[in-house]
Amino acid sequence: MSKFSLGKYLLPTYTILAFVFLMIPIAYTFIFSFNDPFKNTTGWQGFTFKNWTGVCNNIDVCLAFGNSLLIATIATIVSTILGTMLAIAVTRYEFKFRSATNLLLFLPLATPEVVMGAGLAAQFLNVGIPKGIGTVIVAHILFTLSFVVVTVKARIATLDPKLEEAGRDLYAPPVQVFAKITLPLLLPGIMAAALLAFALSFDDYIITAFNSGTEVTFPKYVFAAAVRGIPPEANVIGSAVFIFAIALVLVFQISGAMRSKALAKKN
Amino acid sequence: MATEFVARGADLELVGIRKEFPGFVAIENLDLKIPAGEFFALLGPSGCGKTTTLRLVAGLDSPTKGKILIGNKDVTTDKPHERPVNTVFQNYALFPHMSVLDNVAFGIKQRKVSDPMPKALEALKLVELEHLAQRRPAQLSGGQQQRVALARALVNRPSLLLLDEPLGALDLKLRRQMQVELKAIQMEVGLTFLHVTHDQEEAMDMADTVAVMNKGRIEQMGAPETLYERPKTIFVSKFLGQSNLFVGDVAESNSDSVSINVAGNKITVPTKRAEKTTGKIAIGVRPEKATFHEDQAPTSAAGLNIIGPGEIIDIRFTGVSNQYLIEIPQIGKVTVFAQNVGKSPVTELGAKVWVSWKVEHSFGLSDLPAENGEGK
């Protein structure tokens with residue numbers, strides 16, 4: 001007994017428990033995507049692939065999912081482009097009100113979503129724009145923009161301005177310097193920002209609820225359906241998105257590991 | 001991109017350059033002419049304006065006033081990519097996302113030169129790194145990165161190659177080795193090199209002409225030997241090697257020599273080696289030109305400056321020489337280097353000595369040391 005070490009057992013136990021706690025909702029969603037919705041959706045009724053093969057039999061789920069994909073894609077593209085340009089502008093150029101611009105860019109991160117959602121809704125009402133997919137996209141561009149700027153700025157901070165000067169010195173006009181040097185070096189940061197923007201947009205509920213009118217997005221659908229019990233099709237989509245994200249991470253990790261292995265071999 | 005790039009170096013001329021930054025003046029008024037094919041060094045302490053000068057020539061900054069001419073063509077308003085100039089940056093600035101070969105090929109690809117890859121490989125061969133062409137810069141050692149940066153600039157055959165402290169990040173041994181290589185490459189390719197450094201040994205070792213820069217102006221310019229043997233200002237005499245300086249009023253002055261009186265000691269400089277011959281002047285001598293004598297003063301003779309007696313207060317052994325610090329009452333501290341040839345008598349701390357040197361080794365300066373400055 002003298003060799004008993006608390007840390008030896010406590011830490012793994014604690015870690016496993018934490019993982020279980022984190023994974024239960026995901027596992028639940030995954031398992032219940034195979035539930036046969038015979039009578040109701042809350043209890044386990046029996047195993048089936050029906051939900052996966054006929055996911056769009058429940059047309060509402062698929063429409064909502066399609067809306068969310070559309071909104072997130074457009075919002076991500078626009079806010080990534082705008083945000084990258086903004087990030088470069090505020091870190092690389094001196095101009096009047098630069099620090100004020102920095103502060104204003106940071107503000108949406110600190111603003112409660114309810115406030116921003118309600119504020120936007122009031123503005124759309126004021127100028128008489130009917131609520132719909134369009135207003136949701138505008139709202140999502142607005143709130144993801146700050147995240148993009150912050151993420152890309154962090155990457156720019158690590159970029160040595162001497163590299164761009166070297167490009168200019170080596171006969172590259174400004175557009176070429178940007179395309180061949182600045183952009184490739186910022187790309188990991190820009191990609192991270194885009195993924196973040198997409199994820200934030202895709203699962204946003206509060207701001208969307210204020211500004212979407214009668215249009216239904218995936219989070220909105222799930223939120224409404226949860227009152228009665230989530231339809232298995234929603235579980236299918238949730239699981240699929242999760243698996244897709246995990247697969248993406250795995251592909252990146254494995255390709256990265258293989259590349260460094262190949263490099264090590266060359267040496 | 002129709003600019004013709006010459007294969008040989010071109011003259012560089014700076015006319016009345018002034019550069020102001022918010023709050024300070026980096027370069028006051030700079031005139032400089034570097035002939036084609038020359039290895040020219042700009043030497044000075046950090047903050048003297050030498051890197052700013054380089055950036056102005058590269059086009060990375062623009063001058064507040066003045067003109068820049070390369071090969072008699074005014075390039076003052078040209079953008080960096082329009083100038084026939086390439087830079088080897090201080091920390092190399094190699095593109096981390098490209099292979100070594102792509103780094104080297106970058107400039108010639110931009111200029112749409114035919115067969116860029118064979119030419120880039122040729123440049124890598126010049127710096128003996130063709131076997132590492134496919135590596136990323138991060139996988140190379142500092143010395144190798146330095147050579148890639150050099151190849152990346154040289155492959156463009158610029159009229160003018162700018163080197164911004166290119167050896168600063170290397171350790172001493174590698175630095176000395178790269179000095180030799182750099183000089184050899186310059187001779188081989190025949191380009192005009194403008195080398196910026198704060199290392200006086202590096203500047204003297206490699207350059208045909210050295211310009212010593214201080215506070216935004218050029219203090220003195222000339223061949224390394226001339227600058228060392230005949231510095232004209234206090235700054236140059238101290239920045240380029242060490243100097244013993246003596247200040248006094250001129251006591252005698254004729255066409256041959258000028259003498260000053262320093263606390264009863266007469267110190268003489270040949271008139272042709274003196275910048276000033278009246279009033280209060282400073283005369284200097286290099287520590288290795290001076291010797292000291294124990295026990296008794298050497299017999300005074302024409303052509304010999306003798307001061308003392310003083311006391312040895314510090315002895316430093318540096319390998320090739322012993323450095324003695326001698327305190328002479330009312331004159332101050334004098335440094336004497338004695339070459340370590342194995343036969344010199346071991347002199348002890350506290351020994352009473354006289355210091356002497358040949359008059360022809362003295363140099364007279366145009367300015368005086370700052371008030372609080374001692375003789376060293």
Side-chain angles (χ1 to χ4, degrees), chain A residues 84 87-88 91-99 151-194 252 255-267, chain B residues 1 3 5 22 51 54-55 57-61 78-99 102-113 116 120 131-140 148-149 152-156 158 160-162 164:
Chain A
T84 301
I88 292 173
T91 37
R92 279 295 156 82
Y93 299 97
E94 292 283 340
F95 54 90
K96 233 179 179 181
F97 306 123
R98 186 168 87 153
S99 47
T151 313
V152 176
K153 256 172 80 178
R155 182 75 194 178
I156 296 173
T158 67
L159 179 66
D160 184 0
K162 280 259 174 348
L163 293 174
E164 286 160 324
E165 288 182 351
R168 292 160 70 195
D169 185 64
L170 290 163
Y171 313 107
V175 174
Q176 289 286 321
V177 172
F178 183 77
K180 296 252 168 76
I181 295 157
T182 316
L183 194 60
L185 289 173
L186 291 185
L187 206 56
I190 295 172
M191 291 300 287
F252 274 120
S255 73
M258 287 200 341
R259 208 178 317 141
S260 51
K261 222 179 189 176
L263 279 180
K265 228 182 198 172
K266 250 195 249 171
N267 290 344
Chain B
M1 300 300 266
T3 326
F5 289 89
T51 295
L54 207 70
R55 291 178 61 85
V57 176
L60 297 170
D61 283 322
D78 286 4
K79 297 268 174 285
H81 66 272
E82 297 164 337
R83 299 190 186 197
V85 168
N86 288 111
T87 310
V88 176
F89 288 86
Q90 191 164 12
N91 292 311
Y92 321 133
L94 298 176
F95 306 130
H97 59 300
M98 297 181 194
S99 71
D102 287 332
N103 262 283
V104 176
F106 190 90
I108 42 180
K109 271 188 181 166
Q110 284 297 328
R111 278 168 43 211
K112 312 235 179 335
V113 173
H131 60 291
L132 299 178
Q134 296 310 321
R135 295 253 185 110
R136 290 289 173 99
Q139 296 171 288
L140 305 184
V148 174
R152 186 175 71 171
L154 282 176
V155 71
N156 302 294
L160 182 63
L161 186 72
L162 307 175
D164 185 9

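Each chain gets a letter, A, B and so on, in the order the sequences are listed, and its residues count up from 1.
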Residue-level interface, residues 179-190 of chain A with chain B, non-hydrogen cut-off under 4.5 Å: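 Result: A:K180, A:I181, A:P184, A:L185.
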Within residues 158-165 of chain A, residues adjacent to chain B where the heavy-atom gap is under 4.5 Å: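 Residues A:K162, A:L163, A:E165 are the ones that qualify, each having a heavy atom under 4.5 Å from chain B.
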Shortest non-hydrogen contact from B:A93 toward A:A166: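 Distance-wise, the nearest heavy atoms are O-CB, 3.9 Å.
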Shortest non-hydrogen contact from B:H81 toward A:P174: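 The pair with the smallest heavy-atom distance is CE1-CD, 3.8 Å.
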Residue part contacting chain A, namely of B:L94, when any heavy atom lies under 4.5 Å: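 Just the backbone, heavy atoms under 4.5 Å.
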Proximity breakdown for B:R55 and chain A, heavy-atom pairs closer than 4.5 Å: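 B:R55 touches chain A through side-chain heavy atoms alone.
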A:D169 side chain vs B:P80 backbone, donor-acceptor pair below 3.5 Å: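 Checking the backbone N and O of B:P80 against the side chain of A:D169, no donor-acceptor pair under 3.5 Å is found.
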A:Y93 atom OH: more than 12 heavy-atom contacts under 6.0 Å: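 Open.
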From A:L170 atom CG to B:T87 atom OG1, the distance as rounded to the nearest 0.5 Å: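 With rounding to 0.5 Å, CG (A:L170) is 8.0 Å from OG1 (B:T87).
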Matching residue for A:Y171 among B:E82, B:K112, B:K79, B:Q110 - test: side chain to side chain contact (heavy atoms under 4.5 Å, CB included):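 It is B:Q110; the other options fail the test.
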Any B:L60 side-chain heavy atom under 4.5 Å of A:R168 side chain: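 B:L60 vs A:R168: side chains touch.
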